[in-house]
Number of protein chains: 2
Amino acid sequence: MPATMKDIARLTGLSLATISKYLNGGHVLPANQRAIEQAINQLGYTVNSVARSLKTRRSMTIGVLIPHLENVFSTSIISELEDKLHQVGYSTIICDYHHDPEMEAEKLDFLAHRQIDGLVMMPLSGCRDALVKLRERQIPVVLIDRPVEGLDCDAVLVKNRKASFQAVSRLAEAGHERIAIICGPQGVYTADERLYGYMDALKHYQIKLDEDLVQYGNYDTKSGYVLTARLLDRQKPPTAVFVTNHEMTYGSVLAVNERDLLMPKQLSLIGFDHKLLNQVLRPPLAVVTQPLKQIGQTVAELLVHRLTGINRQEPAIIKYLDAVWHDGGSYGPLS
Amino acid sequence: MPATMKDIARLTGLSLATISKYLNGGHVLPANQRAIEQAINQLGYTVNSVARSLKTRRSMTIGVLIPHLENVFSTSIISELEDKLHQVGYSTIICDYHHDPEMEAEKLDFLAHRQIDGLVMMPLSGCRDALVKLRERQIPVVLIDRPVEGLDCDAVLVKNRKASFQAVSRLAEAGHERIAIICGPQGVYTADERLYGYMDALKHYQIKLDEDLVQYGNYDTKSGYVLTARLLDRQKPPTAVFVTNHEMTYGSVLAVNERDLLMPKQLSLIGFDHKLLNQVLRPPLAVVTQPLKQIGQTVAELLVHRLTGINRQEPAIIKYLDAVWHDGGSYGPLS
DNA sequence: CTTACAGAGCGAAACGTTTCGCTCTGGTTA
DNA sequence: TAACCAGAGCGAAACGTTTCGCTCTGTAAG
């Protein structure tokens, strides 16, 4: 059995209170310090963090609930976040809900039962009630990517509308008037914002909106592939396509490759978040990416601020971060 | 403050023992069941898992220590593992050590202090002593990818030697005699195995080993790029290259693309693990991949077996899984 | 010399749940 | 009717740490 503080007490003749005081930075006489340290080394004692958590009412654990762990968007953020949390002594419980609303609710419930000190979440759908309950318990919540209506908590969001506007502007400036967009699902905050940015750009460049060029996918590879194929196989295909997330960008490239279409001569394509395709394809795919490391850092800062602050009742903070443009040769003038 | 079992006891007039018995599946009279359930609903009671962990000496938490969260190899496995653990009530603490041996040791120590019930780890280097201590505490450990010398614990490994043999055999069968390999660091189990498989194939096809065609990288994108460039820029470059991990494969493709070399006419290239390049590039890059989902499942099975088994002293189990071949047009006959 | 105060250590209780062993009750069997 | 047994509930203690309030001691100041 692992040594407990009682074993240290027996070996040193000191009280539990003194040993605890020493371990937690209190002042203890030098001779007692040495005796405690020697006993710790001798017995290989480590604090039982569970017992500590029970008494202090802090588990030193943060729950992180994400829609898909294999998504680069998720992993870059979590990697950054886990480091930052570790630096201040927190452990990170990971839960992947695989884009499934029921699993989202199930794993949120699971985390809520775990005495987490805080929650980081990329929400998908209607978990507002469960989140409100967490907030009632003064558990800090930081949302990533999309806010939850009616929930007063911190969030780190990307300026998706602006990013989309800028990407589509590139296509418009290259002379394209038949610019298609492959959106995410209607009603999803990020998808809506990216669509609005597209519309903003069309309006700005006085290009008439053609509803047939607006396709709604599920933010997965397959819908990127299928919708791109559908657009390209039309009698009157678009001359340019803007794809609005990482997975659909990949699917789109698959469909383009399958038809051996040359970019930018035969089709202009701009993707989202898929930085690898910006670097591997010839010509490089132009992509607009979310600043993943910065998101992770910002989330960590917000959360740590809440966890370590005296007054946890400050108003919610919403941070908007700019996307990053990675130019490439996948779009150009009409030919 | 969240309701405790004492609040339920007050409301129902029942003892803590009865309530606990009910919550943990024991038999309680129907009238008492109803009273307890009603009180739980009324007060929004949830079990304090920290208190439960202290008493039961089980945290229901598994530590997962990996070298790089942004690596697809890691995320696929963890995604699978997290699901399986969740299904049996365990939470998954993630720790990313960024290929840094000191951080590996630090985060292993961090996890060891966390009363984890088990550990899953992709080891990098000399953490044997810390792992031995965990094993002494009867904490199940499952290693992924590489064993640790002198450590008696479960492991899930891929037949890297065989995978390498098979990939290089393809190049040999296509007639190549100047086949280069970009290995990982010497002394790293997987790197050594993949090199041995290369050597086995050369021997099998009676191709003389040319040490200049054996390059040692650091299993990162940069070394894949640099070493491929070095090989290709020689006066007498290899006609074929086998790159032995995901990141170096990507780096290699970057170097090939930069020189506008055509595959397979000017160079035959086979990669490792980078399934995306198998699907996106034209022609598709031939790759041999590790069966990530299967690894995750196997790890979870081993661990759950240890966690739920009566006799935790069974001999260590080492599972070897076959790699998967994804054919592509990136290699072919000499031209 | 006496008083006051600060430093140091300690005992006891608490955190919220689980579990063991005891007691009681009701039903069944002889 | 009496004895036995199983089911049900309960009280108390335990898990390992933290923290509060009390006591003691030594030093400095009046």
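Every value quoted in this text rests on a predicted model; they were computed, and no experiment measured them.
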- Query: Would you say the side-chain atoms of B:Glu70 and A:Thr75 include a donor-acceptor pair closer than 3.5 Å?
  - Reply: no
Rounded to the nearest angstrom, tell me the gap between atom [atom1] in [X] and atom [atom2] in [N].
X        : N      : atom1 : atom2 : result
A:Leu54  : C:dA14 : CG    : P     : 13 Å
A:Gln115 : D:dT17 : CD    : P     : 19 Å
B:Lys55  : D:dT17 : NZ    : P     : 15 Å
A:Ile8   : D:dT17 : CD1   : C1'   : 13 Å
A:Lys6   : C:dA12 : NZ    : C1'   : 12 Å
A:His113 : C:dG16 : NE2   : P     : 16 Å
B:Leu23  : C:dG16 : CG    : P     : 15 Å
B:Asp7   : C:dC15 : CG    : P     : 11 Å

- So, are A:Glu82 and B:Lys107 salt-bridged, with charged N and O less than 4.0 Å apart? yes
If we only count heavy atoms from C-beta on, is the [X] to [Y] side-chain gap below 4.5 Å?
X        : Y        : result
B:Leu108 : B:Leu134 : yes
A:Ser79  : B:His98  : yes
A:Val188 : A:Tyr219 : yes
A:Leu307 : A:Pro140 : yes

- Output the residues of residues 34-52 of chain A in contact with DNA chain C, where contact means a heavy atom of the residue under 4.0 Å from an atom of the strand; sort by number or write none.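 None, since no heavy atom is under 4.0 Å.
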- Note on the structure: The correct set of residues in residues 12-22 of chain B placing a heavy atom under 4.0 Å from DNA chain C is B:Leu16, B:Ala17, B:Ser20
Between protein and nucleotides 4-7 of chain C, what N or O pairs are separated by less than 3.5 Å?
none

- Query: Does atom CD of B:Gln33 have more than 12 heavy-atom neighbours from other groups under 6.0 Å away?
  - Reply: yes
- Message: When you measure from the side-chain N and O atoms of B:Arg57 to the phosphate of D:dG16, is any distance below 4.0 Å, counting only OP1 and OP2?
- Response: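 So the side chain of B:Arg57 is within the cut-off, an N or O lying under 4.0 Å from OP1 or OP2 of D:dG16.
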- Item | Under-4.0 Å side-chain N/O to phosphate OP1/OP2 contact, B:Asn24 with C:dT18 |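 Yes, because at least one side-chain N or O of B:Asn24 sits under 4.0 Å from OP1 or OP2 of C:dT18.
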- Query: In degrees rounded to 10°, what angle is found between the helical axes fit to the five outermost pairs at each end of the helix from C:dC1-D:dG30 to C:dA30-D:dT1?
  - Reply: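 Comparing the axis at each end, I get an angle of 40°.
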- Query: Roughly how far, to the nearest 0.5 Å, is CZ of B:Arg114 from CE of A:Met60?
  - Reply: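 Reported value, rounded in 0.5 Å steps: 7.0 Å.
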- Task: To the nearest 0.5 angstrom, please state how far the CG atom of A:Leu321 sits from the CD atom of A:Gln294.
- Result: 4.5 Å
- Message: Aromatic contact between A:His246 and A:Phe73, with the criterion being ring centroids under 6.0 Å apart: yes or no?
- Response: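 Ring centres of A:Phe73 and A:His246 not closer than 6.0 Å.
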- Test side-chain contact (heavy atoms from CB on, under 4.5 Å) applied to A:Tyr90 and A:Ile62, A:Leu81, A:Thr61, the passing residue: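 Result for side-chain contact (heavy atoms from CB on, under 4.5 Å) with A:Tyr90: A:Ile62.
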- Restricting to pairs with a member in residues 17-33 of chain A, which pass salt bridge (charged side-chain N to carboxylate O under 4.0 Å, His left out), not counting sequence neighbours?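 For residues 17-33 of chain A, and leaving out neighbouring residues, there are no salt bridge (charged side-chain N to carboxylate O under 4.0 Å, His left out) pairs at all.
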- Message: If the condition is side chain to side chain contact (heavy atoms under 4.5 Å, CB included), which residues does B:Thr46 pass it with, not counting sequence neighbours?
- Response: A:His113
- Between A:His99 and A:His68, what is the ring plane arrangement, given parallel below 30°, perpendicular above 60°, and tilted in between? tilted
